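Written out below as structure tokens is the structure these notes cover.
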Amino acid sequence: MSRYRRTAHTLLAAALLAFTSAIYLVLGPAPWLIVPALLVTMTLAWAAGSSYARDHRHRQEHEWARRTALGHRPPPLHPCCLLAEDSDGAAHDPHRCTRDPEREAFDQIVARYDTGHGTAA
């Protein structure tokens, strides 16, 4: 189990605990505390979802690296790296990027000549 999945499970358990305490507060001693309790619940649930997404990306990167090490040429992940996602493609992580820099250079050269009319048969 990866650290992201452990974190996600912990945050999800905390969110469920916060939700049950919110239900207790509504039915019992302090019904006015429902708003802060639900805000904490939503924040913890959002953080758990983010950790699950990070775990999914981490697994995809490991599978891509494994297939590359076996000699296959898997297509790049989308986005190719998290730095590219955060910078709108302006920067790439030199250690974790899955794009093929040679292919990207070729695509940039060919894009200037692409007319959008298709190829002649």
Side-chain angles (χ1 to χ4, degrees):
M1 184 181 304
S2 73
R3 62 187 169 133
Y4 300 115
R5 186 162 287 254
R6 275 193 307 272
T7 301
H9 287 332
T10 304
L11 288 169
L12 187 59
L16 290 174
L17 183 64
F19 184 69
T20 55
S21 65
I23 291 173
Y24 171 75
L25 289 173
V26 165
L27 300 176
W32 61 87
L33 289 177
I34 183 69
V35 173
L38 287 179
L39 285 175
V40 168
T41 300
M42 290 188 311
T43 303
L44 290 170
W46 172 83
S50 178
S51 290
Y52 279 122
R54 183 66 69 135
D55 176 61
H56 180 69
R57 174 65 187 207
H58 186 72
R59 288 177 184 216
Q60 283 182 331
E61 287 176 353
H62 275 283
E63 177 64 19
W64 186 89
R66 185 188 69 80
R67 290 179 62 199
T68 302
L70 291 173
H72 300 287
R73 292 193 58 147
L77 299 175
H78 181 72
C80 59
C81 60
L82 294 178
L83 183 59
E85 181 180 27
D86 293 337
S87 68
D88 292 329
H92 293 276
D93 187 353
H95 303 291
R96 300 185 81 174
C97 192
T98 61
R99 70 185 166 93
D100 184 10
E102 295 164 359
R103 176 68 187 183
E104 184 173 324
F106 174 77
D107 288 342
Q108 287 177 351
I109 293 169
V110 173
R112 292 185 295 183
Y113 301 109
D114 186 21
T115 59
H117 297 298
T119 59

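Model, not experiment: these values are computed from the prediction.
- Side-chain atoms of Ser21 come within 3.5 Å of backbone N or O of Ala18 as a donor-acceptor pair.
- Atom OH of Tyr52 and atom OG1 of Thr7 lie 10.5 Å apart (nearest 0.5 Å).
- Considering His58, Gln60, Arg54 as possible partners of His56, the one that fulfils the side-chain hydrogen bond (donor to acceptor under 3.5 Å, both in side chains) test is Gln60.
- Hydrophobic cluster membership is shared by Ile34 and Ile23, with clusters built from Ile, Leu, Val, Met, Phe, Trp and Tyr side chains linked at under 4.5 angstrom.
- Linking Ile, Leu, Val, Met, Phe, Trp and Tyr residues whenever their side-chain heavy atoms come within less than 4.5 Å places Val40 and Leu11 in a single cluster.
- Within 6.0 Å of CZ in Phe19 there are 12 or fewer heavy atoms belonging to other residues, nucleotides or ligands.
- Closest approach of Ala22 to Leu38, counting heavy atoms only: CB-CD2, 4.2 Å.
- Connection of Leu27 to Leu33 is not established within any shared hydrophobic cluster, with ILVMFWY side chains joined at heavy-atom distances below 4.5 Å, either directly or through further cluster members.
- When the shell of 6.0 Å around CZ of Arg6 is examined, it contains more than 12 heavy atoms from other residues, nucleotides or ligands.
- Ser51 places no side-chain N or O within donor-acceptor distance of the main-chain N or O of Ala48, the cut-off being under 3.5 Å.
- Here the side chain of Thr43 pairs a donor or acceptor atom with the backbone of Leu39 at under 3.5 angstrom.
- Between Pro76 and Trp64, the shortest heavy-atom contact is CA-NE1, 4.1 Å.
- A salt bridge does not link Glu63 to Arg59: none of the charged side-chain nitrogens sits closer than 4.0 Å to a carboxylate oxygen.
- Note on Val26: it does not cluster hydrophobically with Trp32, by side-chain heavy-atom contacts below 4.5 Å among ILVMFWY residues.
- Met1 is not connected to Tyr4 by any chain of hydrophobic side-chain contacts under 4.5 Å among Ile, Leu, Val, Met, Phe, Trp and Tyr, and they are in different clusters.
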